[in-house]
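Please read the structure below before turning to the comments.
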Amino acid sequence: MATTNGKPHEPLIEGNWTNATIDAQIGDIVLDPKRHTEAQLKRIPAFLAKSLPDQLKSPWFLMFGIGFIGVNILLVAITVLVLTGIGVWGNNQPVGWGLDIINFVWWIGIGHAGTLISAILLLLRQQWRNSINRFAEAMTIFAVMCAGMYPLLHTGRPWVAYWLFPYPNVLAMWPQFRSPLVWDVFAVSTYMTVSILFWYVGLIPDFATLRDRARSRFAQIAFGFLALGWNGSAKSWHRYTHASIMLAGLSTPLVLSVHSIVSFDFAMSIVPGWNVTIFPPYFVAGAVFAGFAMVIALAIPLRKWYRLDSFITMKHFDWMAKVMLATGLIVAYGYVMEVFYAWYSGVPLEQGLLHNRIKITEAPYSWSFWLLILFNVVIPAALWSPKIRRNLTALFWISMSISIGMWFERYVIIPVSLTRDYLPSSFGYYTPTIVDYGMFAGTIGFFLFMMFLFIRFLPTINIFEMKELLHHMQHEKDHGEGHGGDKTVPAEAH
Amino acid sequence: MTQVARVDRGFMTAGIGMAVVGAALFAIGLGGKDWIHSYFFGYMFWLVLTIGCLGLTLLHHTARGHWGFPVVRIFEAGGGPLAIALCGLGTIPIIMNLPALYPWADAALVAKDPILQTKSFYNNEGFWIARVALSFVILAVFAAVNQAWLKKEEQTGDDRWRQRRVNFSAIGLVFFVLIVNFLYTDLGMSQEKHWFSTIYGVWLLVMGALGALGLASAILGTQHNKSPYDKVVEPWLTKDLGNLMLAFTMLWAYFSFSQYLIIWSGNLPEFTKFFLKRSDGMWFWLANGLMITGFFIPFLLLLAPRTKRVPQIFGFVGGYILVIRAIDMFFVTVPTYRYQLSVYPADIGALLLVGGVWCAAFAFVLRTAPLVTYRTPELKEAADHA
C-alpha cells in the first residue's frame with residue numbers, strides 16, 4: 001500500500017468497488033428516478049408531513065422546489081425591471097452601480113472553482129479533483145449564467161446587447177475598447193463558451209455509459225445522441241485525452257484572465273479605493289476562495305443524500321479546505337495591503353476612504369467592512385485546525401460564512417467608494433430596493449433550480465474518471481511490492 | 001566513475017573572482033555621488049534572490065512537493081541564516097547614506113512636502129532602521145529554525161521534526177509574506193517621494209522566486225551528470241521545476257502588466273511618476289526589451305517540452321532567467337535617480353562585489369551538508385520517484 005512516513009495514504013475511493021458497481025452507484029442517480037425520492041427529510045413540519053405525498057418529502061424535491069420559487073421571483077423581478085426601467089433598482093447618483101455589479105462579481109467568483117478544479121488541477125495531475133470536477137463545472141456554468149444576467153439587464157435595453165460586439169453596422173456603432181466593461185463581454189463570453197465545451201467533452205464517455213445502461217428507449221436515444229457515437233475505442237480515448245488537455249490549457253489562462261478583467265472594471269477608474277494595483281491577483285484569489293466554498297457547501301449535502309461517501313471522502317474535503325485556507329490568506333493579505341497603503345499613501349482621499357471603511361462610530365458602511373473581516377478572515381481561520389477541516393458540519397458553516405463574506409467584500413468595495421467620491425456635495429447613501437433583493441434571491445433560486453435539474457438528468461460525478469482511478473488504485477495495490485520493495489509514491493504524484 | 005559535483009568549490013572560486021573584479025570596478029565609481037545608487041541596485045538584486053530562496057524553502061516545506069527535495073539544499077544555502085545576516089549587514093552603507101536614497105530622510109524636502117510630513121511618523125530614520133533590522137532578525141530565525149529542524153530530522157529520523165517543520169513553515173509563510181512586503185516597501189518603495197503600489201511587495205517576491213528557481217535550475221543543469229545530482233536529475237524533476245519557472249514567469253508578467261495597466265489607466269500624478277521615469281528616453285527601450293527577454297523568450301522556451309527534458313538546455317534557461325532578473329532589478333531601482341539610461345562601471349562592480357560575498361557564503365553553507373540527502377522518508381520518496 002502507498003505510504004507516507006510509514007502511514008498508509010487515505011484512498012481516493014473508499015470501500016470495495018468494481019467498474020459495474022461504480023456505474024450503478026453514479027449512473028443510477030440519473031437512470032433511476034427513485035434515487036431522488038428515497039432519501040426522506042427527517043425534520044419536516046407536521047402539517048406538511050401529513051399533506052405531502054412521500055416522494056415530495058425528498059431533499060431533491062425540496063431543493064428543486066426552492067429553486068423553482070426563486071426562478072419565479074427572478075422572472076417577476078426581471079419583468080418589473082424591463083417594463084419600468086432600471087430606475088426600479090436602488091442605483092442613483094452617486095452609486096451608478098449597486099447590487100447588480102456586486103452580484104455579478106459574486107457569481108463570477110463562484111464560477112471560478114469549476115474550471116480551476118477541472119483545468120488547473122488536471123494540468124497539475126491532481127487526481128483528487130476527479131470526484132468533484134463534474135458538479136463544480138456545472139456550478140461554474142450556472143453561476144456564470146446568473147452573473148451574465150446583471151450587466152445584460154443593466155444595459156437597460158438587453159434586446160440590443162449585441163451592440164457590445166464589434167460588427168460592421170449601419171449605425172456606425174463601435175464598442176469603446178478602452179472600457180474594461182467591453183473586455184468583460186469578451187472575457188465572460190469566452191469563459192462561458194470554453195467552460196461549456198470542457199464540460200460537454202468530459203461528459204461524452206459518461207453519456208455513452210448511460211446510453212448503454214439505460215432501459216427506456218427514450219433515454220437510450222437521448223444519451224446516444226449526446227454521446228456522439230462514442231464507442232470506447234483506443235482512437236476515441238486518444239482524441240478525448242488530447243481534446244481534454246487542449247481545453248485545460250485553454251481554460252487555465254481564462255480562469256485567471258476573467259476575474260482579472262472583472263477587477264479592472266474597478267481598478268481602471270480613479271475612484272479612491274478602486275485604483276489599486278493588487279486588485280487582479282486579489283480578485284482571482286477571492287474567486288477561488290468563494291468558488292471552493294460553494295463547492296464544499298454543495299458537496300456536503302449531495303454526498304449525504306446520494307450516498308457518495310465513498311467517492312467524496314474526507315480527504316477531498318481536507319484538500320478543498322486547504323485550498324480555501326490558502327486563498328483566504330491571500331485575500332486577507334489583500335485587505336491588509338488595501339488598509340496599509342491607503343494610510344501609507346498620505347493622500348487625503350485614500351485616507352478618507354480608509355476612515356469610511358473602518359471607523360465604526362463615524363462611517364455609515366463600516367459595519368459591512370467588519371462583517372467582511374469576521375466572515376472572510378476570522379471564521380475561516382478555524383481551517384488551520386485539521387479536525388475542523390474534517391468536520392463536515394463546521395466545514396459547511398465555514399463555507400457559508402465565506403460565501404456571505406465574499407458578497408460583503410464586493411459590497412465594501414462598491415458603495416463605500418462610490419458614496420464618498422471626490423466631491424463632498426455628491427456624497428450619498430446607497431439603499432437597494434426590493435427589486436434588487438428580488439433579483440439576487442431570484443438568481444440564487446435559478447442557480448439551485450439548474451443545479452438540481454443537472455443532478456437529476458446528468459451524472460453528478462465523473463463515472464469514467466472514477467473507474468480510471470479505481471484501476472490505478474488496483475494497479476498500485478497489485479504491483480506495489482514489485483516496484484523496489486518500499487513503494488512510497490502516492491497515486492496523485494504520477 | 002561518476003564525478004562528484006563540487007558546487008561549493010565552483011561558487012567559492014567564482015565568488016572570490018567576482019568580489020575582486022567587482023571591488024575594482026566599484027572603486028572607480030566611489031568618488032562620484034552615484035555610487036550609493038549603484039550599490040543599492042547590486043544589493044537589492046542579491047537581497048531579492050536571498051528572500052526568493054527562503055520563500056521557496058518555506059513553500060516547499062509547506063506543500064511537500066517532490067520537486068523541492070533535490071533543490072532544497074540550494075534554497076537553504078541561498079536563503080539561510082548566513083545569507084540573511086549578510087543581507088542585514090549589507091544595509092549598513094544604505095543606513096549611512098539615507099538622505100541620498102530616501103526623500104523622507106532629507107529634512108529640507110520633508111519641510112516642503114505635506115505628504116512626506118504626514119508619513120514622517122512612519123518614515124523616519126529611527127523607526128525605519130528598527131523595522132528593517134527586526135525584519136532581518138525574524139527572517140533569519142525562520143531560516144535557522146527550518147534548517148536546524150531538517151538537520152535534526154535527518155540525524156534522528158524522528159518524524160515529529162518533520163511535522164514541526166511543516167507546521168512552522170505553513171504559519172511562517174504567512175508572516176514571511178507580510179514581513180517581506182513591508183521590508184520591500186521600506187527599502188524600495190519609500191525611495192519614491194509619493195508613489196505607492198499595493199502589488200509592489202509581491203511583485204519583488206515573485207522576481208526573487210524566479211531568480212531562485214533560475215539559480216537552482218542552472219546548478220542542476222550544469223551538474224546533472226555528477227554525483228549526487230546524476231541520481232535525481234530526471235525528466236520528471238526538470239519538468240516540474242521547468243513548469244514552476246514557467247508559472248512564475250507568467251506570474252511576473254501578470255503582476256508587471258497589471259500594475260502598469262492600472263497606473264496608466266488611472267493617470268493620477270502620484271502613481272504615474274514611477275512609470276514616467278521608466279518610459280523616458282532609452283529607459284523606454286529597456287522596458288520593451290524586458291517584456292521580450294523577461295517574458296516572451298523564457299515563456300516560449302519553457303513551453304517547449306524539450307527545454308524541460310534536456311538538462312543542459314534546462315540549465316541554460318535557468319541561468320538566462322537569473323541574468324534577466326539582474327537587468328529587471330536595474331530597471332526597477334536605478335531610474336529613480338538616473339533620468340537617462342546609462343550603465344556605470346560601479347553598477348556592475350556593485351553587482352559583482354555583493355554577489356561575490358553572497359556566492360562565497362553560499363558555497364560555505366553548501367559545504368556544511370550533503371547536496372542531496374535521503375535520510376528522511378520524504379526524501380527517500382523523492383528518490384524512489386526519480
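Basis for what follows: all heavy atoms, side chains included, without hydrogens, waters or symmetry-related copies.
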Side chain, backbone, both or neither: which part of [X] has an atom under 4.5 Å from a heavy atom of chain A?
X	result
B/T62	neither
B/Y200	neither
B/F121	side chain
B/I171	both
B/F182	side chain
B/W203	neither
B/S265	both
B/E270	side chain

Notebook entry, point to check: Taking A/I261 as the fixed residue, which of A/V185, A/D184, A/L256 is the one that meets the side chain to side chain contact (heavy atoms under 4.5 Å, CB included) rule?
Noted result: A/D184
Notebook entry, point to check: Between B/L261, B/N123, B/L116, B/V202, which has the largest tally of heavy atom pairs under 4.5 Å with chain A?
Noted result: B/L261
Next item on the list: Heavy-atom pairs under 4.5 Å with chain A are the metric here; pick the option from B/K119, B/Q259, B/M250 that has the most.
Entry: B/K119
Heavy-atom proximity to chain B below 4.5 Å, by part of [X]:
X	result
A/Y341	both
A/Y282	neither
A/V271	neither
A/V339	neither

Checklist line | Top contributor to chain B contacts, counting heavy-atom pairs under 4.5 Å, from A/E338, A/Q351, A/K322, A/M268 | finding: A/M268
Next item on the list: Verify whether the ring centers belonging to B/W195 and B/F274 lie closer than 6.0 Å.
Entry: yes
Note to self: Are B/H60 and B/F69, when compared by the centres of their aromatic rings, separated by less than 6.0 Å?
What the structure shows: yes
Check: Under the side chain to side chain donor-acceptor pair (under 3.5 Å) criterion, do B/D113 and B/W104 qualify, and how do the steps go?
Finding: CA-CA 9 Å; B/D113 193 311; B/W104 52 262; over 6 Å; no
Checklist line | Geometric cation-pi criterion, B/K239 with B/W236: 6.0 Å, 45° | finding: no
Item checked: side chain to side chain contact (heavy atoms under 4.5 Å, CB included) between B/Y122 and A/W343, intermediate numbers included -> CA-CA 10 Å; B/Y122 186 76; A/W343 173 80; 3.3 Å; yes
Notebook entry, point to check: Does the side chain of B/L303 reach to within under 4.5 Å of the side chain of B/K308, using non-hydrogen atoms?
Noted result: no
Notebook entry, point to check: Yes or no on side chain to side chain contact (heavy atoms under 4.5 Å, CB included) for B/T198 and A/F340, after CA distance, side-chain angles and deciding distance?
Noted result: CA-CA 9 Å; B/T198 42; A/F340 174 73; over 6 Å; no
Next item on the list: Using the six-membered ring wherever Trp is involved, compare the ring planes of A/F292 and A/W128 and label them parallel, tilted or perpendicular (cut-offs 30° and 60°).
Entry: tilted
Checklist line | B/F176/B/I51 under side chain to side chain contact (heavy atoms under 4.5 Å, CB included): CA gap, chis, key distance, verdict | finding: CA-CA 9 Å; B/F176 166 81; B/I51 288 177; 3.6 Å; yes
